S.K.: 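Take this structure, written in structure tokens, and hold onto it; I'll ask about it next.
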Amino acid sequence: METLHLVAPGDVITTDTGFMRGHGTYHSDDGKLVASVAGVVQRINRLISVRPLQSRYAGEVGDVVVGRIVEVQQKRWKVDTFSRLESVLLLSSINLPGGVLRRRSAQDELMMRTYFTEGDLISAEVQQVFSDGSLSLHTRSLKYGKLKKGCLITVPPSLVKRCKNHFHNMLCGASVIIGNNGYVWISSMEVDQEDQILLNPRDEPDTTREKDIAITREERETIARLRNCIQALVARKLTLFDTSIQYTFDASRGYEVKELLREDVMQEITEPARNID
Amino acid sequence: MIKAGVLKNANGSAYIEFGDNKIMCGVYGPRDVHPKHMANSSTGILRCRYHMVPYSVSERKNPAPSRREIEISKVIKEALEPAVMLERFPRTAVDVFIEVLQADGGSRCAALDAASVALADAGIPMRDMVSACAAGKVADTVVLDVNNEEDQAGQADMPIGYMPNLEKVTLLQLDGIMSPKEYKECIETGIKGCKIVYEIQKKALNERYFGDDHK
């Protein structure tokens, strides 16, 4: 077991000038390599970096994120994705209801609030990263869009594993969206399929026809159980991906949903997930 | 005693007990600046609020910000600015909130120590930690960390904020009268005190990592 080398900001990591500077470090005036965050030193060949205890989400192009609309501006929305700056979702980057492809008109601009309003949760993909670090999102695919009838849980972004697919339909009958930014959305599988706003020949969003789908008690219990399993994985600092969640969920079947938040139970159910990776 | 990571809503937090001082600090950021006109396009900004709760002192303190609190807020902000690498995140703000739950002299130094640990806990890049300790002169002797009673009866109080690795002073105030020789002695004693506090700050961050890490 390797010894962890913990540093605080300002600690000198090495005076050897042969190393390359990675994240969380900087060169002081006299050429020493100094830590800039509190965390663990990681050395890969000649690259030294410090992994901080916590940090905000830094987006990459192509990441799937779950975000909450915080502001509606002219021709765009501001979305909270737990990054340093709020992300933007341009009006030209969303899928209009009816799936039509056309230029956004002034009428669309006036109706922005009917598409997404403040407080809505959406799933989207990162299209572009601006020079100041802020992200530009898009929902130009049917799998992205407004999220309804489910449960959100926030986890540290560093625990989310980068996968090809972030939309998982779990065997237990729920669907999980693991956003790279640490926002995880759990919902019932049937809701997902009904979710798309229905086609309307007059090209208007048809929100009046949203069916009120009742979520059964079993589905709610599954969602609650999944949420607690994810909470347990976070408490044990284990990476979050579909297999680890599935193993933890299977191991948790012996317990009641509310028992899953106990320390000893968390330790036990995360045992199978610990060994993979 | 310093404990890091005590608030669940803040990005970084720390709780410090320094003598009879009990101080809680929460750090948020870097995050968007509201109101927008305060945002700086080339660097981030640091905002600091030092506040004493009404029951922190023996005579109830009015919750409205007093001149002393405004001064201490400014002084702590200026003590932290050289340490935090604000130029790395333009158009954002880092907010530091300090609540003094119980005050007994030297609270601005304890607050600065807690703020430093909270910033490190939040993962905000810094050039160095800031450790603070007050030196003073009581009954013609140079002493370290005066408490409230000693401050009332004493002759001078000098809070010092120090960056231990870069060996630079970021906060220096003097309340009282002393000779140049005593002044030098005070600064040296104060810096020694800061180095002791630095070890306790590191210990708090270590515990935060190992405490949560069950691997």
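In what follows, chains carry the letters A, B, and so on, assigned in the order in which the sequence lines appear, proteins first and then strands, with residues in each chain numbered from 1. Bear in mind that the values here come from a model prediction, so they are computed numbers and not experimental data.
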S.K.: Would you mind reporting whether Val65(A) and Leu137(A) have side-chain heavy atoms less than 4.5 Å apart?
M.R.: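 Yes, close enough: below the 4.5 Å cut-off.
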
S.K.: Test the Lys161(A)-Phe241(A) pair against the cation-pi criterion, namely NZ or CZ under 6.0 angstrom from the six-membered ring centroid and within 45° of the ring axis.
M.R.: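 Positive - Lys161(A) is close enough to the ring of Phe241(A) and near enough to its axis.
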
S.K.: Output the option from Gly10(A), Ser134(A), Ala8(A) having the highest count of non-hydrogen pairs under 4.5 Å with chain B.
M.R.: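 Most heavy-atom pairs under 4.5 Å with chain B: Gly10(A).
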
S.K.: Using 4.0 Å as the upper bound for N to carboxylate O, is an ion pair formed by Glu17(B) and Lys3(B)?
M.R.: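 Looking at Lys3(B) and Glu17(B), the cut-off is not met.
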
S.K.: Does the salt bridge (Lys or Arg N to Asp or Glu O under 4.0 Å) test come out yes or no for Lys146(A) and Asp120(A), once each step is laid out?
M.R.: CA-CA 7 Å; Lys146(A) 195 163 21 181; Asp120(A) 283 345; 3.5 Å; yes

S.K.: For the side chain of Ser13(B) and the backbone of Leu7(B), is there at least one donor-acceptor N/O pair under 3.5 Å apart?
M.R.: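 The answer is yes, because a donor-acceptor pair under 3.5 Å joins these two groups.
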
S.K.: So if I take each residue of residues 184-193 of chain B and look for any heavy atom under 4.5 Å from a heavy atom in chain A, which residues do I end up with?
M.R.: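 Heavy-atom contacts from residues 184-193 of chain B to chain A are absent.
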
S.K.: Count the heavy-atom pairs under 4.5 Å between each of Val84(B), Leu166(B), Asp128(B) and chain A, then report the option with the highest count.
M.R.: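 Maximum pair count with chain A is reached by Asp128(B).
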
S.K.: State, with a plain yes or no, whether a side-chain heavy atom of Val27(B) is found less than 4.5 Å away from one of Asp95(B).
M.R.: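 Counting from C-beta outward, Val27(B) and Asp95(B) never come under 4.5 Å.
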
S.K.: For Glu71(B), is there an ion pair with Arg67(B) - N to carboxylate O distance below 4.0 angstrom?
M.R.: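 Salt bridge between Arg67(B) and Glu71(B), a charged N being under 4.0 Å from a carboxylate O: no.
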
S.K.: Name all residues meeting the side chain to side chain donor-acceptor pair (under 3.5 Å) criterion together with Asp11(A); count only those two or more places apart in sequence or in a different chain, and write none if there are none.
M.R.: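 If we apply the side chain to side chain donor-acceptor pair (under 3.5 Å) test to Asp11(A), skipping adjacent residues, the hits are Tyr198(B).
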
S.K.: Can you list the residues of residues 115-124 of chain B that sit under 4.5 Å from chain A, counting heavy atoms only?
M.R.: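 Listed by number, the contacting residues are Ala120(B), Asp121(B), Ala122(B), Gly123(B), Ile124(B).
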
S.K.: Quick check for you: among Pro52(A), Gly133(A), Ala38(A), which has the greatest number of heavy-atom pairs under 4.5 Å with chain B?
M.R.: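 Of the candidates given, the most pairs with chain B belong to Ala38(A).
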
S.K.: Would you say the side chain of Leu260(A) lies within less than 4.5 Å of the side chain of Ser252(A), judging by non-hydrogen atoms?
M.R.: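 A side-chain contact under 4.5 Å exists here.
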
S.K.: Would you say Leu135(A) and Val88(A) make side-chain contact, with heavy atoms under 4.5 Å?
M.R.: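 With C-beta onward as the side chain, the pair stays apart.
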
S.K.: Looking only at heavy atoms and a cut-off of under 4.5 Å, which of Gly5(B), Gly29(B), Pro90(B) has the most pairs with chain A?
M.R.: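 Max contact count across the listed options: Gly29(B).
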
S.K.: With a 4.5 angstrom heavy-atom cut-off, is it the side chain or the backbone of Met126(B) that approaches chain A, or both, or neither?
M.R.: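 It is both, since atoms from each part get that close.
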
S.K.: Rounded to the nearest 0.5 Å, how far does CD of Gln127(A) lie from CG of Asp63(A)?
M.R.: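 Taking CG in Asp63(A) and CD in Gln127(A), the distance rounds to 13.5 Å.
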
S.K.: Give a yes or no answer on whether the side chain of Glu78(B) reaches the backbone of Leu171(B) with a donor-acceptor pair at less than 3.5 Å.
M.R.: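 Absent.
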
S.K.: Could you tell me which of Ala83(B), Pro125(B), Pro30(B) has the largest number of non-hydrogen atom pairs under 4.5 Å with chain A?
M.R.: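 The option with the most such pairs is Pro30(B).
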
S.K.: Hey, which residues of residues 97-109 of chain B are touching chain A, say heavy atoms under 4.5 Å apart?
M.R.: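 The stretch does not come within 4.5 Å of chain A.
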
S.K.: Could you tell me whether the side chain of Asn180(A) and the main chain of Val64(A) form a donor-acceptor pair under 3.5 Å?
M.R.: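 Yes, because the side chain of Asn180(A) sits within donor-acceptor range (under 3.5 Å) of the backbone of Val64(A).
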
S.K.: Most heavy-atom pairs under 4.5 angstrom with chain A, which of Arg127(B), Gln201(B), Arg31(B)?
M.R.: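 Ranked by heavy-atom pairs under 4.5 Å with chain A, first place is Arg127(B).
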
S.K.: Are the side chain of Asp250(A) and the backbone N or O of Tyr247(A) linked by a donor-acceptor pair below 3.5 Å?
M.R.: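 Flag not set: sc Asp250(A) to bb Tyr247(A) has no pair under 3.5 Å.
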
S.K.: Any heavy-atom pair between the side chains of Arg84(A) and Tyr57(A) that's under 4.5 Å?
M.R.: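 Of all side-chain heavy-atom pairs linking Arg84(A) with Tyr57(A), none is under 4.5 Å.
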
S.K.: Just how far is it from atom CG of Asn206(B) to atom CD of Glu199(B), taken to the nearest 0.5 Å?
M.R.: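 Answer for the CG-CD pair, Asn206(B) versus Glu199(B), is 10.0 Å.
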
